Amino acid sequence: MLKQEEPLREIIFAELQKGPKSISALNSALNSGGVKVSRHYLSGYLKALQELGMLKENNIKPAIVYSISKDPRTDLYRAVGICARKLSSIESGNYALLILHSIFKRPILTSEIEKCGVDQPTRYFIVPDSEKAGILSRAHSLGVEARASDRMMEPENDLKNRDRIIDYLSSLILQAFNLDESHGKRFIQTKLDF
């Protein structure tokens, strides 16, 4: 029996870990496990997970078969790119920089913007070289591949509706990739006085 209190995404991933499944097979498995969801709703939900890069979609006539992507977290940049392009095709690089900066709470590398599939930003501040080594080591510790030639950028604060856009997109992306709020925050060691 499936646990109904788990998020639908986790239930789907548990089923797909057993092997690729069509929408019908997945719907049957969910319904027989006590998770009642319509086939139409499930189809849209699977398509959204596929667009976020979390699932792979194969068209095997007459069905569409879904399987788990190798590492959905690596597609965070792709998801940011999709969101940034939906906000503005002209300013997509600026929005991608703004979103990534808001999520990671650190300067963003040019190679990270490239992973988003958007143009390079035009409105940003360059981080001084004196701070570059510390930021590069922090990025490496988080698994970000950085090039020594990467520029480190922070967004300008003049984009319209910045706070509303960032709050909406940050929560959407954090939820989609099952990240908690502490993922990108700086950790400060605390001294205890005895």
Side-chain angles (χ1 to χ4, degrees), residues 7-10 13 44-57 69-189:
L8 182 58
R9 179 182 64 240
E10 299 305 317
F13 274 70
Y45 195 87
L46 292 170
K47 187 67 176 168
L49 290 174
Q50 183 266 326
E51 287 179 3
L52 283 171
M54 300 176 91
L55 295 180
K56 286 192 300 187
E57 178 184 275
S69 290
K70 289 191 181 2
D71 185 6
R73 288 179 188 261
T74 60
D75 288 326
L76 171 68
Y77 296 103
R78 183 171 170 253
V80 167
I82 290 167
C83 292
R85 281 189 299 278
K86 284 186 179 181
L87 284 168
S88 169
S89 59
I90 298 169
E91 299 241 21
S92 61
N94 292 324
Y95 282 117
L97 174 62
L98 189 62
I99 295 164
L100 289 173
H101 187 266
S102 175
I103 292 170
F104 293 134
K105 310 287 191 246
R106 63 166 171 76
I108 303 303
L109 307 164
T110 52
S111 58
E112 291 178 290
I113 298 293
E114 289 167 8
K115 287 181 187 179
C116 294
V118 296
D119 294 331
Q120 285 294 317
T122 56
R123 298 188 309 189
Y124 58 87
F125 299 107
I126 295 177
V127 175
D129 286 340
S130 60
E131 298 178 30
K132 196 171 182 177
I135 295 167
L136 275 176
S137 92
R138 183 164 175 253
H140 282 296
S141 71
L142 293 172
V144 176
E145 294 178 26
R147 302 179 303 235
S149 62
D150 274 340
R151 264 191 331 264
M152 295 188 183
M153 305 172 284
E154 292 188 319
E156 290 182 356
N157 293 324
D158 64 342
L159 293 173
K160 293 179 185 171
N161 301 314
R162 178 186 196 276
D163 292 334
R164 184 178 57 82
I165 291 166
I166 291 305
D167 289 344
Y168 173 74
L169 293 174
S170 294
S171 63
L172 174 72
I173 289 170
L174 287 170
Q175 181 181 17
F177 289 94
N178 202 22
L179 300 173
D180 62 26
E181 295 289 331
S182 67
H183 180 72
K185 291 185 180 171
R186 294 186 177 152
F187 294 99
I188 299 170
Q189 186 172 356

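Please read these numbers as outputs of a predicted model, since none were measured by experiment.
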Please lay out, stage by stage, how Cys116 and Leu100 fare under the test side-chain contact (heavy atoms from CB on, under 4.5 Å).
-> CA-CA 10 Å; Cys116 294; Leu100 289 173; 3.8 Å; yes
What heavy-atom pair brings Gln120 and Thr110 nearest, and what distance separates the two atoms?
-> NE2-O, 3.4 Å
Output yes when a side-chain donor or acceptor of Asn94 lies under 3.5 Å from a complementary backbone atom of Thr122, and no otherwise.
-> yes
Between Val118 and Gly93, the two heavy atoms sitting closest are CG2-CA, 3.8 Å
Rounded to the nearest 0.5 Å, the CZ atom of Phe13 sits from the CG atom of Leu49 at a distance of 5.5 Å
Out of curiosity, Ile82 CD1 to Ser92 OG, how far, rounded to the nearest 0.5 Å?
-> 12.5 Å
Minimal non-hydrogen separation, Ala84 against Tyr95, with atom names = CB-CB, 3.9 Å
Working to the nearest 0.5 Å, report the span between CG of Asp119 and CZ of Arg85.
-> 9.5 Å
Between Arg106 and Glu112, is there a salt bridge with N-O shorter than 4.0 Å?
-> yes
Drop me the distance from Leu97's CG to Ile113's CD1, to the nearest 0.5 angstrom.
-> 5.0 Å
So, are Glu57 and Lys47 salt-bridged, with charged N and O less than 4.0 Å apart?
-> yes
Tell me, with the steps shown, if Glu156 and Phe125 meet side-chain contact (heavy atoms from CB on, under 4.5 Å).
-> CA-CA 7 Å; Glu156 290 182 356; Phe125 299 107; 3.8 Å; yes
Working to the nearest 0.5 Å, report the span between CG of Leu109 and NZ of Lys115.
-> 8.5 Å
Can you tell if the side chain of Met153 reaches within under 4.5 Å of the side chain of Pro121, non-hydrogen atoms only?
-> yes
Sub-3.5 Å donor-acceptor pair from the side chain of Arg151 to the main-chain atoms of Ser111, do we have one?
-> no
Mind checking whether His101 and Glu154 have side chains closer than 4.5 Å, heavy atoms only?
-> yes
Nearest-0.5 Å distance that lies between atom CD1 in Ile108 and atom OG in Ser102 | 9.5 Å
